Peer 1: 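Structure in structure tokens, see below.
Hydrogens, waters and symmetry mates play no part in the numbers below; they use all other heavy atoms, side chains included. Small disclaimer: the values here were computed from a predicted structure and weren't measured.
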Amino acid sequence: VEEAAVFRPFGPGWLPEGKATSTPRLPGVWLKHERQNQEGKHAPWLFFNATTGRYYRLRSDTQRWAQTGATNAAEACDDVRLLGHGSACTPAGASGRRDALAVALPELARTGALLKHSLPFLDKPAALYVLVDGLRGSALAAEFCAKRFHTYFLPLLSNSPGQLSDEDLVGLINEALEGLDRALLESAARYAGAGAALAVVLGRRVAVCTLGDCRVLLCSPDQARWQARTLADGASGRTALDCSSPATDADASPLDGTHPKAFVA
């Protein structure tokens, strides 16, 4: 009896399985989702059984199939406006050197694709903003972190195709920061040190993090004046994380052309 396709998977890029494609040994109509590996080759990593409506992925550690949750039904929020450039507006020191650096990745999905970490299931727009402030009169650690944070964060984000809760998103940021911190401690810049603030925008949500003396402010226009409130403040070198969205923060409005925006400062 020929199996029937009853369900459709969430997200773009699903393809019918090929004859040479290895799928879980279960009956049904199968669809696959491919992504580019570090060798530049496209290989399937997610499978969907259109007969049962279940998702599977190939675990890299065991090379065995495991049932997984549904992929995220990516939402495009066309009214959300993002900054396309970033700069660190801090005075130069006596030597003329600036110890603060800013990174703006306003098209995170495109950046991920270029680095072979596909992000097809993200809500859009998706962006990453990072501000790193060097300590002890040196920019070595700030430059190290500014150039490398996304290389720790994007692989984690790419391997999370499901719908991310606020806790999930904050957990990915924390894991990326811990990996970056370990790499910094093993580098030549380990004696310099740095504080940081970052903001991750996914659709109408913004997740922020601060380390050290940096802060993240949510600024919103109120008639003739602007109002600002601190979303995260990592006092005394501690890490602070926060995630704001209409669904989780009663005081935060959707991110659009007339509502609050997050700034790192």
Peer 1: Would a 4.5 Å heavy-atom cut-off, applied to side chains only, mark Pro125 and Cys77 as touching?
Peer 2: yes
Peer 1: Can Val130 be reached from Leu140 by stepping across I, L, V, M, F, W or Y side chains whose heavy atoms are under 4.5 Å apart?
Peer 2: no
Peer 1: Using a 4.5 Å cut-off on heavy atoms from C-beta on, say whether the side chain of Thr71 contacts that of Trp14.
Peer 2: yes
Peer 1: Parallel, tilted or perpendicular for Phe47 and Trp30, by the 30°/60° rule?
Peer 2: perpendicular
Peer 1: Between the main-chain N or O of Ser165 and the side-chain N or O of Asp168, is there a donor-acceptor pair closer than 3.5 Å?
Peer 2: yes
Peer 1: If the plane angle is over 60° it's perpendicular, under 30° parallel, otherwise tilted; pick one for Phe121 and Trp45.
Peer 2: tilted
Peer 1: Would you check if the side chain of Asp133 reaches a backbone N or O of Ala196 as a donor-acceptor pair within less than 3.5 Å?
Peer 2: no
Peer 1: Is the shortest distance from a Lys or Arg side-chain nitrogen in Arg190 or Glu186 to a carboxylate oxygen in the other one below 4.0 Å?
Peer 2: no
Peer 1: Indicate the atoms forming the closest heavy-atom contact of Lys32 with Glu17, along with that distance.
Peer 2: CD-CA, 4.2 Å
Peer 1: Do the non-hydrogen side-chain atoms of Gln67 and Arg54 ever get within less than 4.5 Å of each other?
Peer 2: yes
Peer 1: Is the backbone N or O of Pro155 less than 3.5 Å from a side-chain atom of Ser158, with the two atoms forming a donor-acceptor pair by type?
Peer 2: no
Peer 1: For the pair Asn49 (side chain) and Gly53 (backbone), establish whether a donor and an acceptor sit closer than 3.5 Å, ignoring hydrogens and angles.
Peer 2: no
Peer 1: Tell me the closest heavy-atom pair linking His150 and Leu115, and the distance in Å.
Peer 2: CD2-CD1, 3.6 Å
Peer 1: Any link between Phe10 and Leu157 through a network of hydrophobic side chains (Ile, Leu, Val, Met, Phe, Trp, Tyr) touching at under 4.5 Å?
Peer 2: no
Peer 1: I want to check a possible cation-pi pair here: Arg148 against Phe144, using under 6.0 Å from ring centre and within 45° of the ring axis as the test.
Peer 2: yes
Peer 1: Is a side-chain donor or acceptor of Ser138 paired with a backbone partner of Ala192 at a separation under 3.5 angstrom?
Peer 2: no
Peer 1: Are Tyr56 and Leu26 packed together at the side-chain level, in the sense that at least one heavy-atom pair is separated by less than 4.5 angstrom?
Peer 2: yes
Peer 1: Under a single-linkage definition using a 4.5 Å side-chain heavy-atom cutoff for Ile, Leu, Val, Met, Phe, Trp and Tyr, are Phe7 and Val29 assigned to the same hydrophobic cluster?
Peer 2: no
Peer 1: Looking at side-chain heavy atoms only, is the closest gap between His33 and Pro44 below 4.5 Å?
Peer 2: no
Peer 1: Taking the side chain as every heavy atom from C-beta outward, state whether Leu46 and Pro161 have any pair of such atoms under 4.5 Å apart.
Peer 2: yes
Peer 1: Check whether any side-chain heavy atom of Leu198 sits under 4.5 Å from a side-chain heavy atom of Tyr129, and report yes or no.
Peer 2: no
Peer 1: Find the distance between OG (Ser160) and CG (Leu169) and round it off to the nearest 0.5 Å.
Peer 2: 9.5 Å
Peer 1: For Ala197 versus Cys214, what's the shortest heavy-atom pair and its separation?
Peer 2: CB-CB, 3.7 Å
Peer 1: List the steps and the verdict of side chain to side chain contact (heavy atoms under 4.5 Å, CB included) for Asn159 and Arg35.
Peer 2: CA-CA 11 Å; Asn159 284 324; Arg35 66 177 178 180; 2.9 Å; yes
Peer 1: Distance-only, no hydrogens or angles: does the Arg205 side chain make a donor-acceptor pair with backbone N or O of Val200 under 3.5 Å?
Peer 2: no
Peer 1: Is it the case that the side chain of Ser118 and the backbone of Ala113 share a donor-acceptor pair, with hydrogens and angles ignored and the cut-off at 3.5 Å?
Peer 2: no
Peer 1: Could you point out which residue of Leu128, Leu154, Val132 forms a side-chain contact (heavy atoms from CB on, under 4.5 Å) with Phe149?
Peer 2: Leu128
Peer 1: Is Leu184 reachable from Tyr191 through a run of hydrophobic residues whose side-chain heavy atoms are each under 4.5 Å from the next?
Peer 2: no
Peer 1: Quick check for you: to the nearest 0.5 Å, what is the distance between Leu31 atom CG and Tyr55 atom OH?
Peer 2: 9.5 Å
Peer 1: Tell me, yes or no, whether the heavy-atom count around Gln163 atom CD, taken from other residues, nucleotides or ligands under 6.0 Å, exceeds 12.
Peer 2: no
Peer 1: At what distance, to the nearest 0.5 angstrom, does NZ of Lys116 lie from CD of Gln36?
Peer 2: 5.0 Å
Peer 1: What I'd like to find out is whether the side chain of Leu156 reaches to under 4.5 Å of the side chain of Ile173, using heavy atoms alone.
Peer 2: no
Peer 1: First locate atom CZ of Phe153, then atom OG1 of Thr111, and finally report the distance between them rounded to the nearest 0.5 Å.
Peer 2: 12.0 Å
Peer 1: Ignoring hydrogens, what is the shortest heavy-atom contact between Asp123 and Ala74? Give both atom names and the distance.
Peer 2: OD1-CA, 3.5 Å
Peer 1: What is the minimum heavy-atom distance between Cys209 and Leu211, and which atoms define it?
Peer 2: SG-CD1, 3.7 Å
Peer 1: Heavy atoms only: give me the nearest Leu119-Gly112 pair and the separation to one decimal.
Peer 2: CD1-CA, 4.2 Å
Peer 1: Please tell me whether Val103 and Leu180 are part of a single hydrophobic cluster in this structure, the criterion being side-chain heavy atoms less than 4.5 Å apart.
Peer 2: yes
